[in-house]
Amino acid sequence: AALKPVVVSTWDSGAIANGAAWPVLQRGGRALDAVEAAGIAIENDVNCCVGLGGNPDRDGFVTLDACIMDEKANCGSVAFLERIKHPVSVARKVMENSPHVMLVGTGAQQFALANGFTLESGTLSASAEKTYRDWLKKADYKPIINIENQKKVRPPKGHGPFAPSFFDDGTPNHDTMGTVALDAAGNLSGMCTTSGMAFKLRGRLGDSPLIGAGLFVDNEVGAVTCSGQGEEVIRMAGSHTVIELMRQGLAPAEACKQAVERIIKRDVEKAKTFQVGFIALGRTGEVGAYAVQPGFSYTLTNTEQNGVLIQSPSYFK
Ligand code: SD4
């Protein structure tokens, strides 16, 4: 049976996100506060994949995207944000302290500074510096989002026994954290935060900061987020599509599956080359996921399961 409260985050690094969200939920706090805490924790984690420690664009700059949405469809988003440590919190400020939903680039940075955030140095983390230098040797833009499939990956220290989503040297491959939560009062919220695809063109935005693509919450239905090749998610308004399928009565897992099948049907050959994975949380606490490729995972925390890593089913085997 479904349990609440519950928090679900993408990937094995979801353990870090859920670890910060759970105490908020456990003491009866709001799902909104829980998902923001999740975002802050992962943006702080230098070993992970999002925030200022993430990989840069092809010009060597880390540009961050994030969004947040609550049970009343209040939402906030920042994109192409540079040198600010907590894009998820800036997104929440956009939601609460501005008449807008989305701010980008220098305007988003200016808004962050006006709201008490600090301008950070802009230097790359040690791991991003190394990855970027290696990449520059060929400077070949080819998203290797599907690296999860490859045998050479092994878990880095401290990330659990599975951690299939890291390169051989321990560099995290995925670069996005999506978290959805249901609180004790029965309200849903979600957030998504990312440094985006590594070595993207300067100015590129993915799905993660886009309400309806990287995240969608509808308190009558559920909360959905996703990870993977953002362009493919934007094309089909991914998270919103999953919510609408759930609204028609599909269980979270089945809704994720049908959304993924819609992506694949358009171009099966192309779909073999990228990853997209959705996680969905229903309003009663039921959780489901589905991905294009094997290797997508999510972390589940509730009163009975303390950060359990679950491998998502996938279309390709
Ligand atoms: C993007 N969806 O920027 C993100 C990337 C991602 O794990 O999820 N990486 O397109």
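Start at 1 and go down the list; that is how both ligands and their atoms are numbered. Values reported hereafter were calculated over all heavy atoms of this structure, with side chains retained and with hydrogens, waters and symmetry mates removed. Just so we're clear, the structure is a prediction, and the values are computed from it rather than from any experiment.
Geometrically, ligand 1 and Gly230 share a nitrogen or oxygen pair separated by less than 3.5 Å. The distance criterion of under 3.5 Å between nitrogen or oxygen atoms is met by Gly228 with respect to ligand 1. For Asp207, a nitrogen or oxygen atom sits less than 3.5 Å from a nitrogen or oxygen atom of ligand 1, counting backbone and side chain alike.
Judged by distance alone, the side chains of Asn18 and Ser9 do bring a donor and an acceptor atom under 3.5 Å apart.
Evaluation of the salt bridge (Lys or Arg N to Asp or Glu O under 4.0 Å) rule for Asp70 yields Arg30 as partners, not counting sequence neighbours.
Checked for salt-bridge contact, Lys265 and Glu261 miss the test: no charged N lies under 4.0 Å from a carboxylate O.
Residues Val62 and Glu120 form no side-chain contact, since every pair of their non-hydrogen atoms from C-beta on lies 4.5 Å or further apart.
Between atom 8 (O) of ligand 1 and the options Ser227, Ala198, Gly54, Gly238, the minimum heavy-atom separation is to Ser227. Heavy-atom proximity to atom 10 (O) of ligand 1, evaluated over Arg204, Gln229, Glu232, is greatest for Arg204.
Atoms of ligand 1 found under 4.0 Å from any heavy atom of Gly196, numbered from 1 in the order shown, are 3 (O). Those atoms of ligand 1 that come under 4.0 Å of a heavy atom in Ser208, given as number and element, are 2 (N), 4 (C).
In the hydrophobic clustering, Val7 connects to Trp22, Leu25, either directly or through intervening members, whenever side-chain heavy atoms lie under 4.5 Å apart.
In Arg133, the CZ atom is not crowded: 12 or fewer heavy atoms of neighbouring residues, nucleotides or ligands sit closer than 6.0 Å.
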